Each structure stands twice: as C-alpha cells, then as structure tokens.
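Since the structure comes first, as structure tokens, the remarks are kept for the end.
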Amino acid sequence: MTTPAINEIHAANESRFNAAHFSEALTAFTVGWKDPENLAALLDFVAPSVPVGRRFEFQKANNAEAFFSETDDIRAIGSAFKRVEYTGEIVQAKTLNKGLTIRIDHDEITTDDWEERTVQILLQRLWRNELRRAITALDTAATNAAKVWDNASNPDGDLRAMLIAAADESGVRPNRLILGEGAWDLRASAYESQDNAGANAGASYTLDQLAKKLFLEDARVFSSRYQSTASAKSAIVGNAVYAFFGQQALSKDEPSNLKRFVTPTDGGDFRVYREDHAKFTDITVEHYSSVIATSDLGVRKLSVSAS
C-alpha cells in the first residue's frame, strides 16, 4: 500500500475542513460589504489588483528597451525588415494565504447579526493590513528626498521637480500622487504663511486642482491610521508624498509600479468559515494575495517637515 505524501494529507484535511465549515452566506456578504473607511479603494489606488492563479509568473519590462529608436527601419526591396528583440526578467511568484479568526463565546452574543458584524471587523482589519503592506512596498521601491516646507518654500515646485526627475529616470511621468495627511497640512501651512496672491491661491487648492496643475491623473490624501502601540495610533502615510505610475491593471505585465495579485475565491476576494463548538463559534475570513513592486523605476518620495 502506498503511503500518501505529506502535502496530499494536508490538501485532504483542508478539503474536509472547507466542506464542513465553509459559509456560503457569509462569503456572499463579503462581496457586497462597503468599508466605511474606503480602505479597499485606497489599496486599489496604490496597488491595482490583478486576478491570477495561486502560482503565476510575470515579465518585468526592460525599461531602456521601451525607448530604443533607430533610423534603419526602412526595408530594401527583396529583403526583410530589421529584426528587434525585447527581453525582460521572468518572475515566478505565488499568492499568499492570509486570514484572521475571531472566537465568539455564545454567552456574549447579544444581537441577531453577530456573525455579519464579526465578518465586518475581520474584513476591515484585513484590508488595513493589505494597505500597510502596499505602502511599505511603495516606500521600499521609492527614491527618497527630504524637504522643508515653511514660509520660504514652494511645495508645488518641489512636487514638480520630483515628477520631472521620475520621468527622466523611467521615461514615463508618474500619473498618481499620494500625500499623507501630515504632508497635505504642511503644504497648506507653508502657503498660508506667505502673504502673496500666488501662495493664497495655492493654499486653497483642492486635490483635483492640484492634480490638474501637476498633470496627474489623480491625487489622494491618505489619513488612515493603525494601532501602532497599546496606547498610540500612527498614520499609514505620515509626512510624506509618493509619486508613481499606476493604472487599473488589465494584465499582470502592464507597467504599473505596484500590483496586488489576487486569487479569487468563490466569486470574490474573501472566503468565510464558521466553525461551531459547544460554547463558542470561530469565524474565519481568508484570502489569497501578494503585493509586489513590479518596477521601482520612477517611484519617488518626499519626506517633508516644517522648519
């Protein structure tokens, strides 16, 4: 008799667990749930999602090849056109299984919708985890510079210079800008402290006006926080500005700097399990994803401070 391999045993055990505890109703609830903090939309802005299998590969483009040019592309009679080749690093990766569980004691159940409320808590926490991973990946890929924004500075001039430097490096001007809540406030304070018409106009800019001025597709202020210690919260994006290129990904090889590769589960991003015991119930929410910087060229960061 052949002994099953360890991975076969694990797969069989997982399959039995899924069949016994998978909750179709609670999984369907995750599809229509709207996060009050809009963390999913912020995450998709930083790292557009791409559906893939558990194991996948993508090709990192050779940036220089995108800008090659020649003057010998004219075909002579009876001959073929000049043949060119494009190369790129093939990266093999996989989505990671992530999830959280809450144990609910039956003596503490006080409402009829306790299951949905528990799922909401876990979803919001998982989205926050993913957003922090995306900002960390963006920060790791970025070329950083420090700037002081005070009554003698021109914050928007610094942003223009950052965008130009990024375009010179990658050949593509960043089309998205993230400002931490602290950086947005420092920008406004710098202009408010200057008594001239241009500064007064700059201080009153909306995000849409700033994006239009800088030739950006979109600009967002991130104010989301997380519990960093037992007694303190920290901003996911603080006194910093990030410039990068991103677009709602249609394929895993398009040129966004950052992507979130997702393996769909049962019609959505998440799957929910409900495991009943005599005196308590475990609610688990899981998903499969990986946030990957597919290109670090042209990613810029300004760390800003007041004088």
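For reference, positions follow the sequence shown, starting with 1. As the structure is a prediction and not an experimental result, all values here were calculated from the model.
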Is the closest side-chain donor-acceptor distance between [X] and [Y] under 3.5 Å?
{"X": "Gln247", "Y": "Asn175", "result": "no"}
{"X": "Thr281", "Y": "His106", "result": "yes"}
{"X": "Asp208", "Y": "Thr206", "result": "no"}
{"X": "Asp269", "Y": "Ser289", "result": "no"}
{"X": "Ser49", "Y": "Arg260", "result": "no"}

Of the non-hydrogen atoms in [X] and [Y], which two are nearest, and what is the gap between them?
{"X": "Val272", "Y": "Val119", "answer": "CG1-CG2, 4.0 Å"}
{"X": "Ala142", "Y": "Lys301", "answer": "CB-CB, 3.8 Å"}
{"X": "Ala166", "Y": "Arg300", "answer": "CB-CG, 3.8 Å"}
{"X": "Ile102", "Y": "Leu122", "answer": "CG1-CD2, 3.5 Å"}
{"X": "Leu26", "Y": "Glu115", "answer": "CD2-CB, 4.0 Å"}
{"X": "Ala134", "Y": "Val46", "answer": "CB-CG1, 4.0 Å"}

Exceeds 12 heavy-atom contacts within 6.0 angstrom, atom [atom1] of [X]:
{"X": "Lys212", "atom1": "NZ", "value": "no"}
{"X": "Arg133", "atom1": "CZ", "value": "yes"}
{"X": "Asp112", "atom1": "CG", "value": "no"}
{"X": "Phe215", "atom1": "CZ", "value": "no"}
{"X": "Arg117", "atom1": "CZ", "value": "no"}
{"X": "Asp168", "atom1": "CG", "value": "yes"}
{"X": "Glu24", "atom1": "CD", "value": "no"}
{"X": "Arg132", "atom1": "CZ", "value": "no"}

Under a single-linkage definition using a 4.5 Å side-chain heavy-atom cutoff for Ile, Leu, Val, Met, Phe, Trp and Tyr, are Leu131 and Val299 assigned to the same hydrophobic cluster?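 Yes, because Leu131 and Val299 connect within a single hydrophobic cluster, where side-chain heavy atoms sit under 4.5 Å apart.
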
Is it possible for you to check whether Arg128 lies under 6.0 Å from the centre of the six-membered ring of Tyr226, through NZ or CZ, and within 45° of that ring's axis?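 Output no; distance or angle outside limits.
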
[atom2] on [Y] to [atom1] on [X], rounded to 0.5 Å:
{"X": "Arg55", "Y": "Lys94", "atom1": "CZ", "atom2": "NZ", "result": "4.5 Å"}
{"X": "Thr284", "Y": "Phe270", "atom1": "OG1", "atom2": "CZ", "result": "13.5 Å"}
{"X": "Met162", "Y": "Lys147", "atom1": "CE", "atom2": "NZ", "result": "10.5 Å"}
{"X": "Phe22", "Y": "Arg274", "atom1": "CZ", "atom2": "CZ", "result": "14.0 Å"}

[X] versus [Y]: any side-chain heavy-atom pair under 4.5 Å?
{"X": "Val50", "Y": "Phe56", "value": "no"}
{"X": "Arg160", "Y": "Leu214", "value": "yes"}
{"X": "Pro51", "Y": "Val262", "value": "no"}
{"X": "Leu100", "Y": "Leu126", "value": "yes"}
{"X": "His287", "Y": "Trp127", "value": "no"}
{"X": "Ile178", "Y": "Phe244", "value": "yes"}
{"X": "Asp158", "Y": "Arg187", "value": "no"}

Is Ser23 reaching over with its side chain to a backbone N or O of Tyr273, donor-acceptor style, under 3.5 angstrom?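 Side chain of Ser23 to backbone of Tyr273, a donor-acceptor pair under 3.5 Å: no, none is there.
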
Check step by step if ring-ring contact (aromatic ring centres under 6.0 Å, His included) holds for Tyr205 and Tyr191. CA-CA 10 Å; Tyr205 271 12; Tyr191 284 128; 8.0 Å; no

Give the intermediate values and the outcome of side chain to side chain donor-acceptor pair (under 3.5 Å) for residues Thr95 and Arg54. CA-CA 5 Å; Thr95 55; Arg54 285 298 315 279; 3.1 Å; yes

Is the closest basic N to carboxylate O distance between Arg103 and Asp282 below 4.0 Å?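 The answer is yes: the pair qualifies as a salt bridge.
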
